[in-house]
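Report on the structure given below.
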Amino acid sequence: MDRLRRDFYRRSTLTVARELLGQRLVMVVDGQRLSGLIVEVEAYIGEDDAACHAACGRTPRNGVMYGPPGHAYVYFIYGMHHCLNVVTEETGFPAAVLIRALEPLEGLEIMRRYRPSRPDRELTNGPAKLCQALAIEMGFNGVDLCTGEVLFIEEGRMVAQEEVGTSPRIGIKADELAMSVAWRFYLRGNAFVSR
DNA sequence: TATACGATCACCT
DNA sequence: GGTGATCGTATAC
């Protein structure tokens, strides 16, 4: 399978978010592939987006978002969870796509070990859940998804426009504009989309 | 140095 | 549908 190249990420964040649906996120653990189809994402775009981590300017925490496209932005939240984003647009402009849910494809046995006593449907149907299932933590913040051998994104399957649903982003507290724009994209009817 | 809170989840009712 | 867990950040003092 072909790896997504940097030009894919160096585009409008909404375009990248929409086109990430149906691609395959891959993590290699001890030579074993853990992977899943991306079925739900959210776009966070620039310092003018009140819900974006860059809304208050650049800090050590969000610095990766200001860097070159095609890198992983991983952050720690609520004292116990990790979330994975991919950096988009030109270097210097802070924007990223949050990966919210996957449909598991490879390495289910290992994912079940990382998320014990959970039904398969709940392995990767949330941004922090998929990080736990794929063993993604702060060590992956800033890694290059275009050249790395451990964490990367491959071409998946084609997604028809009619298959794509949109909605406001989930779980954010910000101004009215940020809370109302439909910057969440998901595959309609997919069992692994969160709620 | 101190404090408030969050791009969530799990478990309870 | 409501709430507690739990701690790194950002911001204020």
Side-chain angles (χ1 to χ4, degrees), chain A residues 9 12-18 20-21 23 25 36 38-67 69 71-89 93-104 111-143 145 151 153 165-187 190-195:
Chain A
Y9 302 101
S12 138
T13 304
L14 292 178
T15 303
V16 176
R18 155 69 183 82
L20 274 174
L21 293 178
Q23 312 291 1
L25 178 68
I38 297 174
V39 300
E40 180 182 352
V41 297
E42 284 177 2
Y44 289 88
I45 311 176
E47 296 179 348
D48 292 336
D49 175 2
C52 181
H53 281 176
C56 297
R58 184 172 188 158
T59 67
R61 181 201 196 197
N62 65 24
V64 171
M65 269 204 294
Y66 288 78
H71 288 242
Y73 169 46
V74 179
Y75 63 87
F76 188 66
I77 189 99
Y78 294 115
M80 61 186 96
H81 298 300
H82 299 278
C83 293
L84 170 69
N85 303 248
V86 301
V87 177
T88 59
E89 313 222 16
F93 184 82
V97 175
L98 171 67
I99 310 295
R100 284 194 57 91
L102 302 175
E103 175 184 329
M111 293 188 200
R112 291 188 193 107
R113 211 178 306 150
Y114 288 143
R115 287 183 54 71
S117 64
R118 298 290 191 311
D120 283 0
R121 166 168 297 210
E122 292 187 17
L123 287 176
T124 56
N125 65 336
K129 297 178 185 179
L130 71 89
C131 284
Q132 194 180 4
L134 299 197
I136 295 169
E137 29 66 37
M138 288 310 291
F140 290 91
N141 190 36
V143 304
L145 301 171
L151 182 64
I153 301 177
T166 64
S167 83
R169 293 170 291 184
I170 290 178
I172 59 171
K173 259 190 271 173
D175 59 36
E176 203 171 312
L177 177 64
M179 308 222 351
S180 63
V181 288
W183 286 357
R184 169 171 175 258
F185 301 85
Y186 59 95
L187 290 188
N190 187 285
F192 294 89
V193 171
S194 67
R195 65 182 218 171

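Sequence lines set the chain letters: A, B, ... in the order given, protein chains first and strands last, and positions in each chain run from 1.
The salt bridge (charged side-chain N to carboxylate O under 4.0 Å, His left out) test applied to A:Asp120 returns A:Arg112, not counting sequence neighbours. When the side-chain contact (heavy atoms from CB on, under 4.5 Å) test is applied to A:Ala50, the partners found at least two apart in sequence or on another chain are A:Ala174, A:Asp175, A:Ala178. With sequence neighbours left out, the side-chain contact (heavy atoms from CB on, under 4.5 Å) criterion links A:Arg58 to A:Asn62, A:Tyr66.
Atom NZ in A:Lys173 sits about 4 Å away from atom P in B:dG6, given to the nearest Å. Across the protein-nucleic acid pair, A:Ile170 atom CD1 and B:dG6 atom P stand 17 Å apart, rounded to whole Å. One atom, CG of A:Asn85, and another, C1' of B:dT8, lie 14 Å apart when rounded to the nearest Å. Regarding A:Ile99, its CD1 atom lies at a distance of 17 Å from the P atom of B:dA7, rounded to whole Å. Atom CD1 in A:Ile45 sits about 16 Å away from atom P in B:dA7, given to the nearest Å. When the C1' atom of B:dA4 is taken as reference, atom CD1 of A:Ile77 falls 13 Å away, rounded to whole Å. Here B:dT8 presents its C1' atom at 12 Å from CD of A:Glu42, a figure rounded to the nearest Å. Rounded to whole angstrom, the span from the CG atom of A:Leu123 across to the P atom of B:dT8 amounts to 19 Å.
At B:dA10, one or more side-chain N or O atoms of A:Arg118 fall inside 4.0 Å of OP1 or OP2 (strictly under the cut-off). For the pair A:His53 and B:dA7, the criterion of a side-chain N or O lying under 4.0 Å from OP1 or OP2 is met.
When each of A:Leu20, A:Leu14, A:Thr13 is paired with A:Val16, the side chain to side chain contact (heavy atoms under 4.5 Å, CB included) condition holds for A:Leu20 and for no other. The side chain to side chain contact (heavy atoms under 4.5 Å, CB included) test with A:Tyr44 is passed by exactly one of A:Ile172, A:Thr88, A:Val97: A:Ile172.
Across residues 124-133 of chain A, A:Gly126, A:Pro127, A:Ala128, A:Lys129 each have a non-hydrogen atom less than 4.0 Å from an atom of DNA chain B (numbered order).
In this structure, A:Arg100 pairs ionically with A:Glu42, as a charged nitrogen and a carboxylate oxygen lie closer than 4.0 Å. Using a cutoff of 4.0 Å between basic side-chain nitrogens and carboxylate oxygens, A:Glu40 and A:Arg184 are scored as salt-bridged.
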Could you walk me through whether A:His82 and A:Tyr75 pass ring-ring contact (aromatic ring centres under 6.0 Å, His included), step by step? CA-CA 6 Å; A:His82 299 278; A:Tyr75 63 87; 8.9 Å; no
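Taking the 5' to 3' direction, DNA chain C first and last meets chain A under 4.0 angstrom from a heavy atom at C:dA5 to C:dT11.
Each of A:Arg115 and A:Ile172 lies near DNA chain B, and the nucleotide nearest A:Ile172 is the one positioned closer to the 5' end. Along DNA chain B, the nucleotide closest to A:Ser194 and the one closest to A:Gly79 are compared, and the more 5′ of them pairs with A:Gly79. Along DNA chain C, the nucleotide nearest to A:Met138 and the one nearest to A:Tyr78 differ in position, and the one closer to the 5' end is contacted by A:Tyr78.
Contact record, A:Cys83 with A:Leu98: CB-CD1, 3.9 Å, taken as the closest heavy-atom pair. Counting all heavy atoms, side chain and backbone alike, A:Val74 lies closest to A:Met138 at O-CE, 3.4 Å.
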Which string of ( ) [ ] | and . matches DNA chain C, if you list each base 5' to 3' and count Watson-Crick or G-U pairs only when both distances are under 3.5 Å? |||||.||||||.
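The same atom, C1', is picked in C:dT3 and in B:dC5; the two are 16 Å apart, to the nearest Å.
Side-chain contact annotation: A:Ser12 with A:Glu89, donor-acceptor N/O pair under 3.5 Å absent. Looking only at atom types and distance, the side chain of A:His53 has a donor-acceptor partner in the side chain of A:Tyr73 under 3.5 Å away.
Among the heavy atoms of the strands lying under 4.0 Å from A:Arg61 are primed sugar atoms or P, OP1, OP2 only; no base atom is included.
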